[in-house]
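Note: hydrogens, waters and symmetry copies are ignored here, and every other heavy atom, side chains too, is used.
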2 protein chains.
Amino acid sequence: MEVETVTDYQKVKVAKKIKKMFGHINPQTSIELCPIRDIMALASDKWSILIILYLGFFPVLRFNQLKKKVFGISNKVLSERLKTLERDGYLSRKAYAEVPIRVEYQLTNFGHSYLQKLLDLTEWVDTYKDIIRENRLKYGAL
Amino acid sequence: MEVETVTDYQKVKVAKKIKKMFGHINPQTSIELCPIRDIMALASDKWSILIILYLGFFPVLRFNQLKKKVFGISNKVLSERLKTLERDGYLSRKAYAEVPIRVEYQLTNFGHSYLQKLLDLTEWVDTYKDIIRENRLKYGAL
DNA sequence: CTGTATCCCCAGTGATACTG
DNA sequence: CAGTATCACTGGGGATACAG
């Protein structure tokens, strides 16, 4: 299994895209003002990724369902991530006044849009995970 | 500015992709054995992203050049990330036996391949960052 | 059931100094 | 110049108990 070669043409295209993105951000711009870093820090967080992926697979999930699926996450972190992901608009929270209370989370359209791009990335990772494993073994052997 | 609507057809396609990725991982699978989580944790780390993006724009960078560009990163963290990114195969390190020593970092073909997908994601973020800002304001107003 | 509150802990981080 | 070594720190995260 090999990664297909990235051509020079593609590299130039990539460089242009990066320039467009970062062109207006000079090196002195503070961390707080770098929206990419800020937004990606949440949206590409290891827990957020799993939450979003699961909500992409199961259209609606409740708190404890998510907790079971996102293996190893604590109440606190799950609660925080859900709140922040809701704040940024990726998902919606709907509480039903039942006893006991029922709360349902689902992706918003915005969240689905993000998921599409995220999935391209995780698919790449999934495809080439064995290469990375090999790379690590080679590196360890040095 | 609006995010374009994700159709039901697209959602189904996404769900299938997720199933394909996670199908073989059942909920009991331990964290260590979840390659997605492991690999993404490094490759979508906030520092790694910036390192890779800068190396996508400047084909070759030296240690201190990177340190200046990746604003706020410390010696230790930069050194660690570079080592790990090299280990996983995203970038190559070349040391020249000069005095003082010169070390050059650049993306491998594997790194360029990853960058293409990563860039799709960061472009999405860049495009919709204002929506997220609005979402946060709305949320704060509740 | 869905969280919040509390406490504790340590791994990752930043700063600084130093070496090949 | 390119890192490593050291150390102090802090805030994210885990476990648990509890509340609405």
Side-chain angles (χ1 to χ4, degrees), chain A residues 27 30-32 34 37-51 54-55 58 60-88 91-106 139 142, chain B residues 27 30-32 34 37-51 54-55 58 60-88 91-106 139 142:
Chain A
S30 79
I31 297 171
E32 286 70 37
C34 177
R37 203 191 295 209
D38 167 38
I39 295 169
M40 291 290 289
L42 166 68
S44 75
D45 170 85
K46 71 170 176 172
W47 296 123
S48 303
I49 288 176
L50 289 171
I51 291 170
Y54 276 117
L55 282 174
F58 303 96
V60 178
L61 285 174
R62 301 173 60 175
F63 188 87
N64 276 331
Q65 290 178 319
L66 268 167
K67 202 186 162 189
K68 271 177 216 147
K69 297 193 185 302
V70 182
F71 193 74
I73 196 167
S74 68
N75 275 11
K76 189 184 172 185
V77 173
L78 178 56
S79 168
E80 279 171 1
R81 288 295 187 286
L82 287 173
K83 215 177 288 178
T84 319
L85 289 171
E86 186 197 359
R87 180 201 67 182
D88 281 10
L91 52 83
S92 67
R93 177 185 184 279
K94 208 169 194 172
Y96 296 87
E98 304 172 355
V99 179
I101 189 173
R102 178 164 56 101
V103 177
E104 293 182 346
Y105 292 93
Q106 52 185 310
Y139 190 86
L142 296 185
Chain B
S30 78
I31 296 172
E32 287 69 39
C34 176
R37 202 190 295 209
D38 167 40
I39 295 169
M40 290 290 289
L42 165 68
S44 75
D45 169 84
K46 71 169 177 173
W47 296 122
S48 303
I49 288 177
L50 289 171
I51 291 170
Y54 276 117
L55 283 174
F58 302 96
V60 178
L61 285 174
R62 302 172 61 172
F63 188 88
N64 278 328
Q65 290 177 319
L66 268 167
K67 200 185 162 191
K68 273 177 214 147
K69 298 196 184 302
V70 182
F71 194 73
I73 198 169
S74 70
N75 274 9
K76 190 183 172 187
V77 174
L78 178 56
S79 168
E80 280 170 1
R81 288 295 187 286
L82 288 173
K83 215 178 288 179
T84 320
L85 289 170
E86 185 196 0
R87 180 201 65 183
D88 281 11
L91 52 82
S92 67
R93 177 185 184 278
K94 205 168 195 174
Y96 296 86
E98 304 172 355
V99 179
I101 191 175
R102 178 163 56 104
V103 177
E104 292 183 345
Y105 291 93
Q106 51 184 311
Y139 189 85
L142 296 185

In whole angstrom, give the distance that lies between atom CG of A:Leu85 and atom C1' of C:dG3.
16 Å
Interatomic distance, B:Leu82 CG vs D:dT4 C1' [rounded to whole Å]:
14 Å
So if I define the base as every atom that isn't primed, P, OP1 or OP2, how would nucleotides 6-20 of chain D read as a B/S/- string at a heavy-atom cutoff under 4.0 Å?
BB-----BB--B--B
Less than 4.5 Å apart, side chain to side chain, heavy atoms only: is that true for B:Lys46 and B:Ile49?
no
Does A:Ser44 use its side chain to pair, donor to acceptor, with the backbone of A:Met40 at less than 3.5 Å?
yes
Looking at A:Arg93, I'd like to know whether one of its side-chain N or O atoms comes within less than 4.0 Å of OP1 or OP2 on C:dT2.
no
Whole angstrom value for the distance that separates P of D:dG3 from CG of B:Leu66:
10 Å
What's the separation between atom CG in A:Leu91 and atom CG in A:Leu82, rounded to the nearest 0.5 Å?
6.0 Å
Does a side-chain N or O of B:Ser79 approach OP1 or OP2 of D:dT4 to a distance below 4.0 Å, or not?
yes
Between P on C:dC1 and CD on A:Gln65, what's the gap in Å once rounded to a whole number?
10 Å
Given D:dC1, is OP1 or OP2 found less than 4.0 Å from the side-chain N or O atoms of B:Arg62?
no
Whole Å only: how far is the NZ atom of A:Lys94 from the C1' atom of C:dC1?
18 Å
What's A:Tyr105 touching, base or sugar-phosphate or nothing? Going by heavy atoms closer than 4.0 Å.
sugar-phosphate
For a 4.5 angstrom cut-off between non-hydrogen side-chain atoms, does A:Tyr96 reach A:Arg62?
no
Quick one: does any side-chain atom of B:Ser79 pair with a main-chain N or O of B:Asn75 as donor and acceptor, under 3.5 Å?
no
B:Leu78 CG to D:dG3 C1': how many Å, rounded?
10 Å
Nearest-0.5 Å distance that lies between atom CD1 in A:Ile73 and atom CG in A:Leu66
8.5 Å
I'd like to check A:Lys69 versus A:Phe58 (side-chain heavy atoms, cut-off strictly below 4.5 Å). Are they in contact?
yes
State whether A:Lys83 places a side-chain N or O below 4.0 Å from either non-bridging phosphate oxygen (OP1 or OP2) of C:dG3.
no
